[in-house]
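What follows is a single structure, written as structure tokens, with notes after it.
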Amino acid sequence: MDVVYFAWVRERIGVPREEVETKAATVADLVAELVAREERYAAAFADLSALRVALDQELSDFDAPLAGVREVAFFPPMTGG
Amino acid sequence: MDVVYFAWVRERIGVPREEVETKAATVADLVAELVAREERYAAAFADLSALRVALDQELSDFDAPLAGVREVAFFPPMTGG
Amino acid sequence: MQVRVQEAGFDLGAESDAFAAGVAGSGAIVTFTGVVRDADAGGLVAMEIEHYPAMTEKALEAIAIEAKARWSLEDALVIHRYGRLAPGERIMMVATAARHRKDAFEAAEFLMDYLKSRAPFWKKEILTDGGADWVAAKPEDEDALTRW
Amino acid sequence: MQVRVQEAGFDLGAESDAFAAGVAGSGAIVTFTGVVRDADAGGLVAMEIEHYPAMTEKALEAIAIEAKARWSLEDALVIHRYGRLAPGERIMMVATAARHRKDAFEAAEFLMDYLKSRAPFWKKEILTDGGADWVAAKPEDEDALTRW
């Protein structure tokens, strides 16, 4: 599964994109796996209320299932306009 | 006193501007004098709720006194923009 | 703050650029442009706009001053034409500039609501069938003022 | 309906003219332009705008389609830049055209509210003191969505 990061999430994790081998059932499960892996993930995911997630380029939420998803994106609230 | 007319008020009365000799105390008194004068004024002033008045280029109302006023304007509701 | 009442046309792009160039401190610029569209029943030859010259600029300036007093604006522009206009011609424009978008949008809407009902212009539609109709003020235009 | 995501600058006047030329049936045209203004604390060198290319046009089109479904629009335009922008540079613009001003204004505000909080852009302020700050989303920007 491709996982992509933007803005300060990208900066904390240190890469814009990576391939992750996972059997996580939901976004929250995937986050838990990443957080357990290394401190930089724990730093990025410390406050989920400050984060947004998109599945295959559609906004979603942390309870959403990952079945069939090819790209997960994590980022802070958007600041367009 | 100068009296000026715009839009269909001007068309009904037939002149854009005229000088009127009057001792009318209020706008309503002036209207009554004009209406008594000729049919074209009666046609123009038939429905005062469809008219607006400005005294010396400031929007006013039919109860307003005319003391010191130099120019009275009658017109339908404005349609700017 | 700039108010212009003129018979000549204006160049929307050039006016927008000039206005934007003068408001370096603003994050938000809103423009509104009013265009002569075909009459609701179709068959419009021209729109004739009459105004009350002695009152027009004074009224527009009062409206623009009120907008600047009520919102945090760096600048505001009002251009309004009079005379005979063909369908598709631009009648008027307003522009507002503020630090934040809310001020710029609200002030532009306020200017438009007041121009509609408080600026001494009257529009007459000249129709292809030889008729001509004075455009009636809409009750909702008068109602729109109550929100400010 | 036109949506453009680009690194290059755009010409506000030319875009306004081109948009207006394409909407002959509309009586009302609204534009909003967002400009890089100095940071609230002063000392801004540049604004860096990051985006999520695979998602951006899709998100902007969804927002514009929603606007056309909710208001009676003849056309709508969204241009949004990314990359490094200096103070005074234009970040983005929207334009809307409708028969009546209410639709044009509301749709433009709707587009802006949704672009602020639902289009995948992130802004970073590069400061003269060598620091850099990600611009935080404002609670009022999220709240603004609830009115639609």
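Each chain gets a letter, A, B and so on, in the order its sequence line appears, and its residues count up from 1.
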Residue pair C:Leu12 / D:Ser16: nearest heavy atoms and the distance that separates them: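 Heavy atoms of C:Leu12 and D:Ser16 come nearest at CD2-O, 3.9 Å.
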For residues D:Gly27 and C:Arg37, report the shortest heavy-atom separation together with the two atoms involved.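 Where D:Gly27 meets C:Arg37 most closely, the heavy atoms are N-CD, 3.6 Å.
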Rounded to the nearest 0.5 Å, how far apart are NE2 of D:His100 and NZ of C:Lys138?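 If we round to the nearest 0.5 Å, D:His100:NE2 and C:Lys138:NZ are 5.0 Å apart.
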Parallel, tilted or perpendicular for C:Phe105 and D:Phe105, by the 30°/60° rule?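 Perpendicular: the ring planes of C:Phe105 and D:Phe105 meet at over 60°.
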Heavy-atom distance under 4.5 Å to chain C: side chain of D:Thr31, backbone, both or neither?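 For D:Thr31, backbone and side chain are both near chain C.
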Can you establish whether the number of heavy atoms outside C:Lys102 located under 6.0 Å from its atom NZ is more than 12?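 No - once you tally the heavy atoms of other residues, nucleotides and ligands closer than 6.0 Å, there are 12 at most.
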Shorter than 4.5 Å, heavy atoms on both sides: which option in [options] has the most such pairs with chain D?
options                             : answer
C:Ala97, C:Ala144, C:Ser26          : C:Ser26
C:Arg90, C:Glu140, C:Met93, C:Glu15 : C:Arg90
C:Ala24, C:Ala28, C:Gly88           : C:Ala28

Which residues from residues 107-120 of chain C are near chain D, with near meaning under 4.5 Å between non-hydrogen atoms?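 Within residues 107-120 of chain C, the residues that come under 4.5 Å of chain D (heavy atoms only) are C:Ala108, C:Glu109, C:Met112, C:Asp113, C:Lys116.
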